[in-house]
Amino acid sequence: MPRVKAISIHAFRGIPDLELNFDGKNLVLKGENATGKSSIVEAFEFFFTGNLSIFQGEGTQSLSLPKHAPHKNFGKEDVSIKVAFDPGNIFLERTFEVRPNPPEPLKRYFEAAEKGTFVLRRSQILKFIASIPAERFRAIASIIGIERLDNVELALKRAYEELETSLTAKKERMNSIFSNISERLGENVTNSEKALNLMNTRLKEVGLSPLISFDEVNKISEQFLTGFKESTDLEHITKLNEAIEELNQFYVDLGVIELLGDLNSKLRPLLEEKSKNELRLGDFLSIGEQAVEKDERNICPLCGQEIDRQRLLEQIKSRLQTLRELSTEASEVRGLVSKIEDELNILSGTIERICTRLEPFEQLAKNRHRLKKIQELVTKFKENVSVARDLKLEKEVSIEELKQTIIVVQKIVNSSHAKCRSMFKRIGVSSDWKKKMDLMNLANQVSGLINESNNIQKTLVTEEKQCDMAKITYESFSETKKTKTGEIYESIRGNVNTFYSTLHPNDPHKNIEISIAATRRASTDLKIESFGSIEDPRAFASEGHLDSLGLCIFLGFVKKFNEDCKFIVLDDVVTTIDSQHRDLLCKLLFEHFRDYQLFITTHDAIWYEQLCAAQRAYGISGDCRNMEIIKWTFETGPIIEPYRPRWQRIEDRINSGDKAGAANEGRRYLEWLLKNTCETMMARPLFKMMSGYTVADLFTPAKARLAELAKDPTFKQQIDQRFQELEATTIMGNLLSHDNLEAENVSMPEVERFCVAIHELHNVLKCSNCGTFLKYFQEMKRIRCPNSQCTKPTEIIC
Amino acid sequence: MSLQEDIFEEFIKKLEAAKLPSKFIEELRKLWVSNELNSKEEVIRVSREAGENATSQGN
């Protein structure tokens, strides 16, 4: 398996120039805040991925890789990250222009690393735990490499929805046609055969020949009219008859009013100010997207600043998708809008046909004119509804407006119908002919509706097949994705639980479950068993527990999916985890990830010392490089030195006559020793809410607790002697009365005596075999070496 | 085979088991290869064509 041997960073973030060689070993890097640790982590991320995740996501719009990644004294053309790999001592380089071209042995390593999932930062842990299920899914999808499938699933879903909406509208129209026919024929009619039978019964009753099919209606109707009255203007009668037929056929499906009600209730939450703002932002982003796409320069068309064009486009697309596409409500609104549009088109078409039929009659010109106006209103109303498809409406659609329009149309139709009948009467038609005429009209109306239903029926079969195929396609894809992802979750669950129980062996929180959210697309639920019930981990777990849970999930996924790139970067991830659990984290990393190359950064001196001690305890010191950033300036970047044990550093300062430096190191050493003692021996310093603990806060409780526990005479004597020696130094007196050491007032021998006293106290509190800090085990009533790997652990009976 | 490809192949097997027309499955595969299966319009196009073919062949 390839190992990173060294990294050379030039002109990147807080680093003008840096060579860091760690010979393919694990690297533990300590540095105060803002000394360049994260710049080194980012250099690795940029090298492998060509991107920086800290510049991605919400709130990073003003950040740009070409502008903010180079060191302030350099431009993007100066940036260069070179990494050397073993075996083979292969050197590869990443710049803004050139991406690394890995040779065959490194190809798979690179493919895995390119996903960028080898880095874990604390901010990512919190984001993962606290995020909504959909975002959590996206984070996991990125680790397991299935982001593309999410977009495919969405496209298949929307395609199916669109075909289904069209099919449903047609089926509803068919129902509406047969309910119209049933109303006209006075019986429930569900097919054309029944309509034909009923029609023929009526025709026979008035002595007219029955129809073989509805196609004959026009022909028979014409024959009937020809024989009706030779002396009468046949054309006039025909046109009048056609007008009456059309008016008779007038029918509005009032289901459209219900659809409008549904639309408004779906629209309501989307029209709230927050949603509207997001929609406006969506519009703006769409325009911005077009502008950036058209302009091929890497310049923002809005502010003229330099941008990473490709990344900006990706961000806009992703934001637009979040704003619009993924919303189920939006998808339902689109479906309703289509149905309402279809209904309004039918209404508009009916009005148009009536107007055409009324045109030859001067007496009906006024009605025709009014209907034309109404048709315009219906068209405008439809346009207004159509706007709702893109969720751009200012307010809800007015149902009352459409209701009133329909009432007015109905009135005009009734009035026109009455006038036509009256005109027909004036022509002088006998009641017998009138009956026949009415029946011919009815036959025409039913025939028109049957023709329409036949036309729909023809396309319905095809559309049903299309819709079925789209449905099977979407459901098969969704189910396969869900099942496979579920299998993956299941396969890492064991590891996640093992890791978590390694960190929290006696914890009330257990049985972590990561599962696909059953009712949502592309969502991940996270549950944990706490105090007998299964809950979201945030319900009961502390911040430290949540951090370690996120870490375990990350490590679980990495173990399964980064098999080809065994390189893990943990960037300052233990901030909220206490000392005891950090020891267990060392166990987790050094036992379960022994074959990985670890790069751990920290600003925390205690955690750093723990990691160094754990390497000795686990016998892997030779596999690790421990380094410290001792200084950082803007011009020099981080200055890194190999780790030296604290005592060695103090001795160096004493030997070089650096009194103030030695005294300061000694003070920090004592502070660390007392903190560790209080924690491992379960001492009880006074609780402090806001500020950190000083030597003055910890000294007496640590001393008292050790005196309380030390029953073994030799151990007790050693402890007493060391504390006496420590208290006898002038510096100690200063530390207990002031927060700050006044090193100027003490002599070098006094500083040395103080430091030696601390070191000797530390030696008493270490395992004589492996050097691990001793710990009090309450159940065993013993002070003991906590290192499970120690072959001859120190043990003191209390 | 990457996980994405594995999931896609499993999905294709499901479509074959559901006896969807082979031409339709072939078209979906083409869209996958050309990275266009994330386009709603393309999915509708191949679904419509497949539906029309099935009707004309009396399936």
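As a basis for the values below, the full set of heavy atoms in this structure was taken, side chains included, without hydrogen atoms, waters or symmetry mates. Each chain gets a letter, A, B and so on, in the order its sequence line appears, and its residues count up from 1. None of these values were measured; they are calculated from a predicted model.
Partners of Arg48(B) under the salt bridge (Lys or Arg N to Asp or Glu O under 4.0 Å) rule, at least two apart in sequence or in another chain, do not exist in this structure. In this structure Glu172(A) satisfies the salt bridge (Lys or Arg N to Asp or Glu O under 4.0 Å) test together with Lys339(A), sequence neighbours excluded. The salt bridge (Lys or Arg N to Asp or Glu O under 4.0 Å) check on Glu104(A) picks up Lys107(A), with sequence neighbours excluded.
Looking at Ile44(B), both its backbone and its side chain come within 4.5 Å of chain A, counting heavy atoms on both sides. Within the 4.5 angstrom heavy-atom criterion, no atom of Glu111(A) approaches chain B. With a threshold of 4.5 angstrom between heavy atoms, Ala50(B) approaches chain A through its backbone and through its side chain. Proximity to chain B (any heavy atom under 4.5 Å) is restricted, for Leu163(A), to the side chain, taken from C-beta onward. Only the backbone of Ser39(B) has a heavy atom closer than 4.5 Å to any heavy atom of chain A. Only the side chain of Leu28(B) comes within less than 4.5 Å of a heavy atom in chain A; its backbone stays farther off.
Comparing Glu463(A), Glu479(A), Glu464(A) by how many heavy-atom pairs each has under 4.5 Å with chain B, the most go to Glu479(A).
Proximity to chain A among residues 29-36 of chain B is limited to Trp32(B), Asn35(B), judged by heavy-atom separations below 4.5 angstrom.
A distance of 14.0 Å separates NZ of Lys484(A) from CZ of Phe11(B), quoted to the nearest 0.5 Å. Note that NZ of Lys481(A) is 15.0 Å distant from CD of Glu10(B), once rounded to the nearest 0.5 Å. The CG atom of Leu20(B) sits 5.5 Å away from the OG1 atom of Thr473(A) when rounded to the nearest 0.5 Å. Atom CD of Gln466(A) is separated from atom OG1 of Thr55(B) by 7.0 Å, given to the nearest 0.5 angstrom. Rounded to the nearest 0.5 angstrom, Gln4(B) CD and Leu149(A) CG are separated by 4.5 Å.
Heavy atoms of other residues, nucleotides or ligands lying less than 6.0 angstrom from NZ of Lys40(B) number more than 12. In this structure, Arg108(A) places its CZ atom where only 12 or fewer heavy-atom neighbours from other residues, nucleotides or ligands lie under 6.0 Å away.
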task = Could you check Phe8(B) against Val152(A) for side-chain contact (heavy atoms from CB on, under 4.5 Å), going step by step and ending with a plain yes or no?
result = CA-CA 10 Å; Phe8(B) 180 76; Val152(A) 169; over 6 Å; no

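Here the closest non-hydrogen pair linking Ala155(A) and Leu37(B) is CB-O, 3.5 Å.
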